[in-house]
Amino acid sequence: MPSVEELYRNYGILADATEQVGQHKEAYQVILDGVKGGTKEKRLAAQFIPKFFKHFPELADSAINAQLDLCEDEDVSIRRQAIKELPQFATGENLPRVADILTQLLQTDDSAEFNLVNNALLSIFKMDAKGTLGGLFSQILQGEDIVRERAIKFLSTKLKTLPDEVLTKEVEELILTESKKVLEDVTGEEFVLFMKILSGLKSLQTKNVHSTRFVTYFCEQVLPNLSSLTTPVEGLDIQLEVLKLLAEMSSFCGDMEKLETNLRKLFDKLLEYMPLPPEEAENGENAGNEEPKLQFSYVECLLYSFHQLGRKLPDFLTAKLNAEKLKDFKIRLQYFARGLQVYIRQLRLALQGKTGEALKTEENKIKVVALKITNNINVLIKDLFHIPPSYKSTVTLSWKPVQKVEIGQKRANEDTTSGSPPKKSPAGPKRDARQIYNPPSGKYSSNLGNFNYGERFRLGTSNMRD
């Protein structure tokens with residue numbers, strides 16, 4: 001084991017050699033042996049090994065292993081120094097290995113180390129994005145659970161910060177390819193994270209052959225498994241996140257092999273959130289103790305997705321459903337529309353006259369979003385009440401930025417983003433003699449059930465959870 005003095009002496013030999021550094025293999029070997037010394041020797045080795053690494057390709061494996069030993073040292077200051085220098089080893093064929101090592105180091109519980117690992121990964125990402133992704137996805141697919149979890153979160157938070165020259169078309173295609181492998185076996189939370197990663201890629205933000213193919217793949221995996229989606233625990237609404245992603249992607253979906261089957265799955269899921277009117281007693285009052293709760297956030301997603309995909313099979317409601325099922329659906333739509341109108345009036349009244357700072361309070365922000373949601377649902381329900389059902393109206397999903405409307409565009413969705421009442425309320429479904437539903441005030445999707453998001457679900461099978 002070399003001493004501090006020996007390390008400095010051999011460092012001097014290499015530093016003075018200039019162009020002939022590679023001829024002093026023995027001096028570099030002394031520096032590599034420094035990892036076997038005490039604290040001072042290890043700190044020097046952590047700095048000296050990467051400095052001359054590129055000059056000794058025949059000792060590359062030994063050098064990387066030596067630095068890795070330092071990354072796992074008991075002394076936190078040595079670990080941090082060794083991790084900080086790891087990007088210098090990321091050259092040529094060594095880069096995927098360094099990316100793999102850094103990905104494993106994400107499991108550290110030391111916050112300073114964790115930040116160093118993140119910075120090191122970003123650094124080599126900018127050197128070679130494909131090689132770095134190779135290391136990350138290798139650990140996501142085969143690594144320990146904690147490493148997998150943190151590697152996925154790294155991608156979900158850091159990819160969007162990278163410049164366009166790093167995230168090229170080829171890099172995005174690699175992300176898509178590797179993500180498909182991961183999506184064969186993911187938890188609910190992982191699924192949502194990956195869909196957010198993928199939906200943020202430039203190649204999927206424009207409608208082209210490549211993006212349409214992936215979006216169709218997504219829809220074909222999710223739609224058959226909708227019945228397996230349940231609501232969450234502890235406020236983590238995985239189901240709503242998945243339904244939002246489905247809604248966003250549905251307008252870009254291409255031709256599906258099992259369109260009718262998948263549309264029926266979506267229709268059945270929609271019915272879960274479109275209650276029938278409560279039974280009435282002889283005196284005209286509700287026979288039950290409670291009115292059904294209307295889950296506006298879920299219905300917006302499901303109804304929008306059905307409206308988008310229904311365009312591909314416009315006779316689904318009239319030709320593919322039997323008369324009883326269609327009648328049942330129209331009753332549900334009518335009942336939901338009645339409750340919707342009451343809630344929209346309540347929201348408009350509550351927001352009337354409020355501008356500027358008054359609309360920025362948490363309560364009013366919720367009401368503004370709720371008004372967008374309910375207006376969207378209202379427009380879509382009116383379309384489905386046409387004979388035959390229409391799929392022509394356009395709405396902007398409540399969580400998406402409002403798009404500018406070009407002159408001459410049909411104003412079917414004009415009231416979906418406005419907080420003020422229209423000049424004239426268009427005619428909705430006819431009211432019957434039933435008591436009008438009185439929706440809960442202040443909430444628009446608060447009835448959360450249970451979802452065990454820790455369980456895995458496998459896409460491409462009949463059940464999302466194994």
Side-chain angles (χ1 to χ4, degrees), residues 60-72 79 82-83 86-87 89-110 113-114 116-159 162 166-167 170-198 200-201 214 217-218 221 225 238 452-461 463-466:
D61 284 343
S62 298
I64 292 174
N65 287 333
Q67 195 77 4
L68 182 55
D69 287 342
L70 296 174
C71 290
E72 298 173 341
R79 292 201 307 270
I83 292 169
L86 270 178
F89 296 86
T91 57
E93 61 184 18
N94 297 314
L95 189 141
R97 183 182 175 189
V98 174
D100 190 280
I101 291 169
L102 283 168
T103 305
Q104 292 181 61
L105 291 172
L106 285 170
Q107 64 187 295
T108 179
D109 292 325
D110 182 279
E113 271 184 64
F114 184 76
L116 284 171
V117 173
N118 274 268
N119 291 335
L121 273 170
L122 282 174
S123 176
I124 66 171
F125 220 118
K126 293 171 184 176
M127 298 178 196
D128 181 353
K130 285 186 175 181
T132 307
L133 286 169
L136 281 161
F137 276 103
S138 172
Q139 287 300 317
I140 289 172
L141 288 165
Q142 302 172 14
E144 297 179 10
D145 287 347
I146 183 65
V147 175
R148 174 189 173 96
E149 175 190 335
R150 294 187 179 180
I152 292 173
K153 286 185 178 177
F154 174 86
L155 288 174
S156 68
T157 56
K158 303 300 182 183
L159 274 184
L162 295 170
V166 175
L167 285 180
E170 291 74 21
V171 171
E172 290 196 347
E173 286 180 357
L174 177 61
I175 293 171
L176 280 170
T177 301
E178 294 300 312
S179 295
K180 284 184 180 181
K181 298 176 185 176
V182 179
L183 287 170
E184 292 176 4
D185 184 11
V186 288
T187 66
E189 185 177 13
E190 289 171 346
F191 180 81
V192 171
L193 285 174
F194 263 101
M195 287 302 105
K196 287 186 174 180
I197 290 169
L198 298 174
L201 300 180
F214 175 77
Y217 162 83
F218 167 81
Q221 302 306 312
N225 295 289
I238 299 297
N452 188 353
Y453 70 93
E455 293 182 356
R456 294 186 182 277
F457 61 78
R458 299 179 184 276
L459 294 182
T461 64
N463 195 312
M464 279 194 173
R465 290 168 291 180
D466 55 16

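Atoms considered below: every heavy atom in the structure, side chains included; atoms not considered: hydrogens, waters and symmetry mates.
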Would a 4.5 Å heavy-atom cut-off, applied to side chains only, mark [X] and [Y] as touching?
X    : Y    : value
V166 : V171 : no
L155 : I140 : yes
L183 : Q221 : no
D109 : F114 : no
I175 : L159 : yes

When rounded to the nearest 0.5 angstrom, what is the spacing between [atom1] in [X] and [atom2] in [Y]?
X    : Y    : atom1 : atom2 : answer
N118 : S123 : CG    : OG    : 12.5 Å
E72  : I83  : CD    : CD1   : 9.5 Å
M127 : L95  : CE    : CG    : 7.0 Å
C71  : E113 : SG    : CD    : 8.5 Å
I152 : F194 : CD1   : CZ    : 4.5 Å

Can you name the salt bridge (charged side-chain N to carboxylate O under 4.0 Å, His left out) partners of [X], sequence neighbours left out?
X    : result
K130 : none
K196 : E241
K180 : none
D110 : R80

Which atoms form the tightest heavy-atom contact between [X] and [Y], and what is the distance?
X    : Y    : answer
S156 : I197 : CA-CG1, 3.5 Å
T132 : I124 : OG1-O, 3.2 Å
L141 : R148 : CA-NH1, 4.5 Å
K158 : L122 : CB-CD2, 3.9 Å

Please list, one pair per line, the donor and acceptor atoms closer than 3.5 Å that link side chains of residues 98-106 to other protein atoms, with sequence neighbours excluded.
{"from": "D100", "atom 1": "OD1", "to": "Q104", "atom 2": "NE2", "distance (Å)": "2.7"}
{"from": "D100", "atom 1": "OD1", "to": "Q139", "atom 2": "NE2", "distance (Å)": "3.1"}
{"from": "D100", "atom 1": "OD2", "to": "S138", "atom 2": "OG", "distance (Å)": "3.4"}
{"from": "D100", "atom 1": "OD2", "to": "Q139", "atom 2": "NE2", "distance (Å)": "3.2"}
{"from": "T103", "atom 1": "OG1", "to": "A99", "atom 2": "O", "distance (Å)": "2.6"}

Worksheet item: Between Q67 (side chain) and A82 (backbone), is there a donor-acceptor pair under 3.5 Å?
Response: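 Yes, Q67 side chain to A82 backbone: donor-acceptor pair under 3.5 Å.
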Worksheet item: Got a donor-acceptor contact below 3.5 angstrom from the T177 side chain to the E173 backbone?
Response: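 A pair under 3.5 Å: yes.
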Worksheet item: Are there more than 12 heavy atoms of other residues, nucleotides or ligands under 6.0 Å from atom CD of E170?
Response: yes
Worksheet item: Can you list the residues that meet the ring-ring contact (aromatic ring centres under 6.0 Å, His included) rule with F89, with sequence neighbours excluded?
Response: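 Partners of F89 under the ring-ring contact (aromatic ring centres under 6.0 Å, His included) test: F53.
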Worksheet entry | Partners passing ring-ring contact (aromatic ring centres under 6.0 Å, His included) against F218 (at least two apart in sequence or in another chain) | F191
Worksheet item: Considering residues at least two apart in sequence or located in another chain, which fulfil the side-chain hydrogen bond (donor to acceptor under 3.5 Å, both in side chains) criterion with R97?
Response: D61, N65
Discussion item. I146: which residues meet the side chain to side chain contact (heavy atoms under 4.5 Å, CB included) condition with it, sequence neighbours left out?
Written reply: Q107, E144, E149, R150
Worksheet item: Which residues pass the side chain to side chain contact (heavy atoms under 4.5 Å, CB included) test with P96, sequence neighbours left out?
Response: none
